[in-house]
Amino acid sequence: MPSTPVTAANSSSNGTAQEILLELVDEDGNTIGTAEKLSAHQAPGRLHRAFSVFLFDESGRLLLQRRAPGKYHSPGVWSNTCCGHPYPGESPFAAAARRTYEELGISPSLLAEAGTVRYNHPDPDSGLVEQEYNHLFVGMAQSALRPDPEEVGETSFVTPDELAERHAKAPFSAWFMTVLDAARPAIRELTGPAAGW
């Protein structure tokens, strides 16, 4: 994935961990400052910019990922294709493409904006809070996946019926249904009526 001035400024060249900053926003999504990633998620949470990606195969099946067990937030649960946070000054679109490549080893095709949604979802297991102004994106997964095991425990393409069955049995991220429901109009436009979304 090519480096941009924003991503280069937010990566460490000597291998040491660097503080990750998130963009804090107001209720209208306007940037009002920055905060360190973990502190922004500690209760009661600080409203920050995020993104969620939903990618589909040619049959209209949704690509899910099970978050790696070592993740500090919501480990081992199923969620949408990719989600994360733009670096300060990075566009949500660029961040969505960057993180999809970093986590899954693919560059999305036909990636398009699908609106925004604001939510407040506490995670009872970790005590962390997702206070997010989330930019939604839909697109296609048209190349072989190469998941990073540090980020992704498992992947699966599912139909709407398969998703409903899995959602009834397996743990999902607290934000999953909120972002999925908000993205449904764009998902239907991308996948067509036959896919059933």
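- A pairwise comparison of heavy atoms in Ser74 and Arg67 identifies O-NE, 3.0 Å as the closest pair.
- Listed by first then second residue, pairs satisfying ring pair (Phe, Tyr, Trp, His ring centres under 6.0 Å) with a partner in residues 176-197 read Phe56-Trp197, Phe172-Phe176, not counting sequence neighbours.
- Linking Ile, Leu, Val, Met, Phe, Trp and Tyr whenever their side-chain heavy atoms come within less than 4.5 Å puts Val138 and Met177 in one cluster.
- Judged by distance alone, the side chains of Tyr119 and Glu130 never bring a donor and an acceptor atom under 3.5 Å apart.
- The two residues Ala182 and Val117 come nearest to each other via the heavy atoms CB-CB, 3.8 Å.
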Leu55 and Ile106: CA distance, side-chain angles, deciding distance, side-chain contact (heavy atoms from CB on, under 4.5 Å) verdict
CA-CA 11 Å; Leu55 297 184; Ile106 61 168; 3.8 Å; yes
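- By the side chain to side chain contact (heavy atoms under 4.5 Å, CB included) test, Arg46 pairs with Leu24, Ala35, sequence neighbours left out.
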Can Leu63 and Leu145 be said to form a side-chain contact (heavy atoms from CB on, under 4.5 Å), step by step?
CA-CA 10 Å; Leu63 174 59; Leu145 302 176; 3.8 Å; yes
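- Applying the salt bridge (charged side-chain N to carboxylate O under 4.0 Å, His left out) test between Glu151 and each of Arg66, Arg146, Arg99 identifies Arg99 as the sole match.
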Check the pair Asn80 / Leu180 against side-chain contact (heavy atoms from CB on, under 4.5 Å), numbers first and verdict last.
CA-CA 8 Å; Asn80 49 293; Leu180 175 64; over 6 Å; no
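- Here Ala68 pairs with Lys71 under the side chain to side chain contact (heavy atoms under 4.5 Å, CB included) rule; sequence neighbours left out.
- Ring geometry for His85 versus His48: interplanar angle of 30 to 60°, hence tilted.
- To the nearest 0.5 angstrom, Glu58 atom CD is 12.0 Å from Thr191 atom OG1.
- For Glu150, the side chain to side chain contact (heavy atoms under 4.5 Å, CB included) criterion is met by Asp148, not counting sequence neighbours.
- Proximity of a side-chain donor or acceptor of Glu132 to a complementary backbone N or O of Asn134 within less than 3.5 Å is not detected.
- Qualifying ring pair (Phe, Tyr, Trp, His ring centres under 6.0 Å) partners for Phe51, counting only residues two or more places apart in sequence or in other chains: none.
- Residues satisfying the side chain to side chain contact (heavy atoms under 4.5 Å, CB included) criterion with Asp28, sequence neighbours excluded, are Asp26, Asn30.
- Through direct or relayed side-chain contacts under 4.5 Å between Ile, Leu, Val, Met, Phe, Trp and Tyr, Tyr133 connects to Val25, Leu47.
- The hydrophobic clustering, which links ILVMFWY residues whose side-chain heavy atoms are closer than 4.5 Å, places Val152 and Phe137 together.
- Shown here are the side chain to side chain donor-acceptor pair (under 3.5 Å) partners of Ser126, two or more places apart in sequence or in another chain: Asp123.
- The shortest distance between side-chain heavy atoms of Glu90 and Arg98 falls below 4.5 Å.
- When the side chains of ILVMFWY residues are joined at heavy-atom separations under 4.5 Å, either directly or via intervening members, Leu190 and Leu62 end up in a single hydrophobic cluster.
- Using modelled atom types and a 3.5 Å distance limit, the side chains of Gln65 and Glu154 yield no donor-acceptor pair.
- Residues passing the side chain to side chain donor-acceptor pair (under 3.5 Å) test with Thr31, sequence neighbours excluded: Glu23, Arg49.
- Arg118 has a carboxylate O that lies under 4.0 Å from a charged side-chain N of Glu27, or vice versa, which qualifies the two as a salt bridge.
- The side chain to side chain donor-acceptor pair (under 3.5 Å) pairs that include a residue from residues 177-190 are His121-Thr178, Asp181-Arg184, where partners are two or more places apart or lie in different chains.
- Of the inter-residue distances, the one linking Phe157 atom CZ with Leu163 atom CG reads 14.0 Å to the nearest 0.5 angstrom.
- Residues Thr155 and Leu64 have side chains not in contact (no heavy-atom distance under 4.5 Å, counting atoms from C-beta outward).
- Between Lys169 and Glu165 a salt bridge is recorded (basic side-chain N to carboxylate O distance below 4.0 Å).
- For the residue pair Ser156/Arg61, the side-chain donor-acceptor check at 3.5 Å is not satisfied.
- Rounded to the nearest 0.5 Å, atoms OG (Ser91) and CD (Glu113) are 8.5 Å apart.
- Put simply, the side chain of Gln42 reaches to within 4.5 Å of the side chain of Leu128, judged on heavy atoms.
- Under the 3.5 Å distance criterion, the side-chain polar atoms of Thr100 are left unmatched by any main-chain donor or acceptor of Ala97.
- Counted within 6.0 Å of CD on Gln142, heavy atoms from surrounding residues, nucleotides or ligands total more than 12; the atom is thus considered enclosed.
- In the hydrophobic clustering, Val77 connects to no other residue, as no ILVMFWY side-chain heavy atoms lie under 4.5 Å from its own.
- For the pair Ile187/Phe54, a side-chain contact is recorded, criterion being any heavy-atom separation below 4.5 Å from C-beta on.
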Does the pair Ser79 and Trp175 meet the rule for a side-chain contact (heavy atoms from CB on, under 4.5 Å), with working shown?
CA-CA 8 Å; Ser79 198; Trp175 61 88; 3.3 Å; yes
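- For Lys37, there are no side chain to side chain donor-acceptor pair (under 3.5 Å) partners two or more places apart in sequence or in a different chain.
- Within the 4.5 Å cutoff, side-chain heavy atoms of Asn120 are placed close to those of Val129.
- Here the closest non-hydrogen pair linking Pro92 and Pro86 is CA-CG, 4.0 Å.
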